[in-house]
Asker: 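Supplied in structure tokens, the structure appears directly below.
Below, chain A is the first sequence line, B the second, and so on; all start at residue 1.
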2 protein chains.
Amino acid sequence: MKSLLIQKSHARECFRNFLRGKNLLLTTERSRLLDIIFSQRRHFCIYDLHQMCQVNQQKVSLATIYRTLPLMEKAGLIRAVNLKADNWLYENTYFKHHHDHMVCVACGKIIEFENVGIEKMQSKVCKKHDFIMTEHTLELRGYCSHCKKTRKISALLGSKTA
Amino acid sequence: MKSLLIQKSHARECFRNFLRGKNLLLTTERSRLLDIIFSQRRHFCIYDLHQMCQVNQQKVSLATIYRTLPLMEKAGLIRAVNLKADNWLYENTYFKHHHDHMVCVACGKIIEFENVGIEKMQSKVCKKHDFIMTEHTLELRGYCSHCKKTRKISALLGSKTA
DNA sequence: TATAAATTGAGAATAGTTCTCAATATTGTC
DNA sequence: GACAATATTGAGAACTATTCTCAATTTATA
Ligand SMILES: [Mn+2]
Ligand SMILES: [Mn+2]
Ligand SMILES: [Zn+2]
Ligand SMILES: [Zn+2]
């Protein structure tokens, strides 16, 4: 995987082109947001992002954040996932393969996984229903390896709703 | 599949037992909500439900609805799904097998499907990550058979993100 | 420098949901 | 039935995440 610095400059170039194509500007605020977002690989929420903007005299308003994220989404740089029903998380997609998530309901840990088999079967189901899939989300909720131990969750639990 | 009337009385019995076990009461409001919910099989949103309550002098407040739905959820009678990111839908689960959803982004149509193969592979992935799954959601978004035709969506579109 | 177009931030507005609390209903007991 | 203890309800306030409004500012271009 490329270094964050290189990723960042590629992402900026991508964003710049996207914006240019729509007669939009790569303003300092948008550039700053991009900088922050592509300086880490974790999932982030809007609140976090807003916090991270508030350092060094500089700041970006919530309004601008709410306006910018959908732009980055359309540019294919990030995507929104709602692993916790209450607030949306965003994640860098520009340098990542598609993946799905497991979320530990005890500690909140997020595990990413790719599974070609599942994806293939999804396509089959779509074909069967004559449905053209443009995107999908698969979320598994439960107990991570660590919480399973500390909470003594039985493996049987898993089979109940599997 | 059993008739709605029989389902309804079973659901009421189930809810009554659940409530009794927690020293809660099956009030007229709760009973009325159950009546409305188990009189149809479609997915419903809170707004709809609230509307349906407002007939015949009788009414149930939003506050009560918001308090009652989580109870029914815990009782295993309904579940919440958020197919449209903006507002939650609920659906009767008491007489239905587990299933997942396809949602048409053009017309909003919801298609339900069951796929044992996918579920099995999910379990495998969990095993691999030593993760105890308690629930999952799989959502496919795209174009239904009808909208595909009227909008002349190419089948190739589907393969892009599949 | 002048002009037009795009952008920003503050704060108002919206909407979905939860909370508060006084009034009401239910349950079990005498 | 009367009573005390508990649970429930609805109205409206409160909260929170998100969107909208608009005047001031920035940027691009000529
Ligand atoms: Mn991820
Ligand atoms: Mn369904
Ligand atoms: Zn955990
Ligand atoms: Zn459709």
Asker: Please tell me which of B:Thr28 and A:Glu29 maps to the more 5' nucleotide of DNA chain C, matching each residue to the nucleotide holding its nearest heavy atom.
Answerer: A:Glu29
Asker: Take the protein atom CG of A:Leu24 and the nucleotide atom C1' of C:dT8, then report the distance between them rounded to whole Å.
Answerer: 14 Å
Asker: Does a side-chain N or O of B:Thr27 approach OP1 or OP2 of D:dT9 to a distance below 4.0 Å, or not?
Answerer: yes
Asker: Using OP1 and OP2 only, check whether a side-chain N or O of A:Arg30 sits under 4.0 Å from C:dT7.
Answerer: yes
Asker: Without swapping roles, check the side chain of B:His101 against the backbone of B:His99 for a donor-acceptor pair under 3.5 Å.
Answerer: no
Asker: Mind calculating the distance between CG (B:Leu71) and C1' (D:dT9) to the nearest angstrom?
Answerer: 14 Å
Asker: Separation of B:Leu62 atom CG from D:dG10 atom C1', in whole Å?
Answerer: 10 Å
Asker: Atom CG of A:Leu33 and atom C1' of C:dT7: how far apart are they, to the nearest Å?
Answerer: 13 Å
Asker: Please check if the side chain of B:Arg30 supplies one atom and the backbone of B:Leu25 the other of a donor-acceptor pair under 3.5 Å.
Answerer: yes
Asker: Working note: B:Glu29 + B:Arg32, criterion salt bridge (Lys or Arg N to Asp or Glu O under 4.0 Å); need CA distance, chi angles, decisive distance, verdict.
Answerer: CA-CA 5 Å; B:Glu29 285 80 6; B:Arg32 199 159 140 58; over 6 Å; no
Asker: Using whole Å, what does the distance between atom C1' of nucleotide C:dT24 and atom CG of B:Leu25 come to?
Answerer: 13 Å
Asker: Rounded to the nearest angstrom, tell me the gap between atom CG in A:Leu19 and atom P in C:dA5.
Answerer: 19 Å
Asker: Between B:Phe44 and B:Tyr90, what is the ring plane arrangement, given parallel below 30°, perpendicular above 60°, and tilted in between?
Answerer: parallel
Asker: The side chain of B:Asn23 is closest to which nucleotide in this list: D:dA7, D:dT18, C:dG9?
Answerer: D:dA7
Asker: Between B:Arg20 (CZ) and D:dT8 (P), how many Å, whole number?
Answerer: 14 Å
Asker: Would you kindly check whether a donor in the side chain of A:Arg67 faces an acceptor in the base of D:dT21, or vice versa, at under 3.5 angstrom?
Answerer: yes
Asker: Quick check: on DNA chain D, is the nucleotide nearest B:Lys22 upstream (toward 5') of the one nearest B:Val60, or the reverse? Name the residue that is more 5'.
Answerer: B:Lys22
Asker: Taking only the side-chain nitrogens and oxygens of A:Ser61, find out if one of them lies under 4.0 Å from OP1 or OP2 of C:dT8.
Answerer: no
Asker: Between A:Gln40 and A:Ile37 (side chain of the first, backbone of the second, donor and acceptor by atom type, cut-off under 3.5 Å), is there such a pair?
Answerer: yes
Asker: Can you tell me if the side-chain N/O atoms of B:Tyr66 get under 4.0 Å from OP1 or OP2 in C:dT17?
Answerer: yes
Asker: Without decimals, in angstroms, what is the distance between B:Leu49 CG and C:dG16 C1'?
Answerer: 15 Å
